[in-house]
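Working notes for the structure below.
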Amino acid sequence: MRVFTVTAILLALVARCTADPVLVPGGYRANSDNIHEIPAGGSLARVGSKIRILAANGSVVHVAPVGAATKPKSQLLSLTSRFVSGWVAFAFWHNTAGSPISSFATMWEVPPVPATNNGQTVFLFNGIEPSAEDAILQPVLQYGPSGAGGGAFWAVASWYVGPLNTFHTTLVPVSAGTTLTGVMSLIGSNASSNAFDYTSEFTNVPGTLLNITGIPELTAAVETLEAYSVTAGTDYPAGETRFANVTLRVASGVVPAVGWSLRNEDAADGFNISVEVDGPTDAQVLITY
Ligand SMILES: *[C@@H]1O[C@H](CO)[C@@H](O)[C@H](O)[C@H]1NC(C)=O
Ligand SMILES: *[C@@H]1O[C@H](CO)[C@@H](O)[C@H](O)[C@H]1NC(C)=O
Ligand SMILES: *[C@@H]1O[C@H](CO)[C@@H](O)[C@H](O)[C@H]1NC(C)=O
Ligand SMILES: *[C@@H]1O[C@H](CO)[C@@H](O)[C@H](O)[C@H]1NC(C)=O
Ligand SMILES: *[C@@H]1O[C@H](CO)[C@@H](O)[C@H](O)[C@H]1NC(C)=O
């Protein structure tokens with residue numbers, strides 16, 4: 001009995017130590033311990049140095065430390081591929097309007113599923129980060145596996161990825177050709193304590209609303225293609241992704257002067273990203289694979 005118990009404990013420890021890394025938008029995490037699904041109708045509330053997960057009835061179901069990042073955001077690079085892992089191509093804008101971002105919306109179409117499935121993961125999203133860039137709120141379209149589930153199909157969820165803990169809504173499968181509208185909104189704030197309340201959702205996909213209160217102001221907007229474990233060009237969807245109707249508003253109501261900046265980390269593999277229409281309203285960012 002005793003030997004069995006010791007063996008079981010050792011096996012459990014080995015299993016824990018060798019648990020496969022788990023992917024979330026932003027990179028790999030050592031295991032799934034710090035990845036949390038928000039119950040249906042629930043929400044998140046930051047209180048001090050902790051993030052509470054609340055059930056739909058408001059009761060606290062879990063408390064997780066905000067923590068500090070253990071690794072930089074661009075983490076394990078794939079060794080099996082010449083393709084870049086992480087943020088492959090993205091557009092960004094830092095809020096200089098002197099008033100917090102009150103909403104950030106983007107429409108894009110779910111692409112065809114990639115022609116090959118080699119265990120790759122592709123994320124496409126709009127998102128907003130605090131100035132410390134140690135967290136992100138984002139409605140994410142994903143193909144392939146992640147800490148939220150998934151497989152050889154497209155699916156969506158809202159995520160709040162913090163420096164240590166990650167929170168997401170339940171993954172909902174979506175079909176190629178569906179038009180998604182990813183929106184983040186400011187729903188409350190206390191500027192004197194840098195405590196801001198936001199929602200993230202795909203407005204046309206029920207079950208994707210993530211509601212978080214009490215976090216630092218989110219100041220940097222991004223439109224991103226992120227990918228891991230890609231081994232061939234056909235692991236990406238064919239064609240292009242057009243982030244369209246990209247619209248930013250700030251709380252003061254003044255239309256901000258938005259100019260999108262670009263990064264392309266994998267031009268060598270034929271990726272391109274361009275701003276087709278610039279500005280704060282109905283902008284368009286085109287990614288070609
Ligand atoms: C609130 O919801 C949680 C999780 O579903 C449940 O365990 C708890 O009993 C509920 N509390 C009340 C007061 O209804
Ligand atoms: C806003 O934050 C300040 C500083 O922490 C606090 O004194 C004040 O009560 C807060 N206001 C509200 C409405 O919660
Ligand atoms: C977000 O959650 C808070 C409680 O944490 C609640 O007061 C508010 O109504 C929720 N808002 C939305 C849009 O779900
Ligand atoms: C999207 O943007 C186009 C202009 O680029 C505009 O004509 C159209 O009304 C917008 N659609 C929505 C749903 O906002
Ligand atoms: C790639 O995008 C840039 C703008 O970001 C544009 O100037 C260039 O022509 C594009 N290249 C190709 C091959 O489409």
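Whatever order the structure lists ligands and atoms in, that order sets their numbers, starting from 1. Please read these numbers as outputs of a predicted model, since none were measured by experiment.
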Taking the six-membered ring for Trp, is the centroid-to-centroid distance between [X] and [Y] below 6.0 Å?
X      : Y      : value
Phe271 : Tyr236 : yes
Trp108 : Phe202 : yes
Tyr143 : Phe123 : no

Minimum-distance protein heavy atom relative to [atom]:
atom                    : answer
atom 4 (C) of ligand 3  : Ser43 OG, 4.3 Å
atom 7 (O) of ligand 4  : Asp282 OD2, 4.9 Å
atom 13 (C) of ligand 3 : Thr199 CG2, 3.9 Å
atom 12 (C) of ligand 4 : Asn245 ND2, 3.2 Å
atom 6 (C) of ligand 5  : Asn272 ND2, 4.3 Å
atom 11 (N) of ligand 3 : Asn211 ND2, 2.7 Å

*Verify the cluster assignment for Leu210 and Val61: are they in a single hydrophobic cluster under the rule of side-chain heavy atoms below 4.5 Å apart?*
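Cluster IDs for Leu210 and Val61 match.
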
*asked:* Set out, in order, the CA-CA distance, both residues' side-chain angles and the distance that settles side chain to side chain donor-acceptor pair (under 3.5 Å) for Gln138 and Trp159, then state yes or no.
replied: CA-CA 5 Å; Gln138 46 186 172; Trp159 296 72; 5.9 Å; no

*Which ligand 5 atoms does Ile273 reach within 4.0 Å, using its non-hydrogen atoms?*
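Close to Ile273: 2 (O), 4 (C), 5 (O).
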
*Give yes or no for whether the N/O distance cutoff of 3.5 Å, strictly under, is met between Leu262 and ligand 5.*
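No: no nitrogen or oxygen of Leu262 is under 3.5 Å from one in ligand 5.
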
*Should Ser274 be counted as touching ligand 5, given the test is an N or O pair under 3.5 Å?*
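Between Ser274 and ligand 5, no N or O pair is found under 3.5 Å apart.
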
*Starting at OH of Tyr289, measure out to CG of Leu225 and round the result to the nearest 0.5 Å.*
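Between atom OH of Tyr289 and atom CG of Leu225 there are 5.5 Å.
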
_CG on Asn165 to NZ on Lys50, rounded to 0.5 Å_ =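 The distance works out to 11.0 Å.
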
*asked:* So if I apply the side-chain contact (heavy atoms from CB on, under 4.5 Å) rule between Phe167 and each of Ile35, Leu44, Val24, Val161, which one comes out positive?
replied: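 In the set Ile35, Leu44, Val24, Val161, the residue that makes a side-chain contact (heavy atoms from CB on, under 4.5 Å) with Phe167 is Leu44.
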
*asked:* Tell me whether Ser274 contacts the main-chain N or O of Glu276 through its side chain, where contact means a donor paired with an acceptor under 3.5 Å.
replied: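 Absent.
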
_Strictly less than 4.0 Å: does any protein heavy-atom distance to atom 9 (O) of ligand 5 fall in that range?_
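Looking at atom 9 (O) of ligand 5, one finds that no protein heavy atom lies closer than 4.0 Å.
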
*asked:* When you measure from atom 2 (O) of ligand 5 to the protein, is at least one non-hydrogen atom found at a distance under 4.0 Å?
replied: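 Given the 4.0 Å limit, the answer for atom 2 (O) of ligand 5 is yes, a protein heavy atom qualifies.
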
_Atoms in ligand 3 flagged as close to Leu209, the criterion being non-hydrogen separation under 4.0 Å_ =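 By the 4.0 Å cutoff, the relevant atoms are 14 (O).
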
*Which is closest to atom 5 (O) of ligand 4 by heavy-atom distance: Glu276, Gln284, Met107?*
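The residue whose heavy atom sits nearest atom 5 (O) of ligand 4 is Gln284.
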
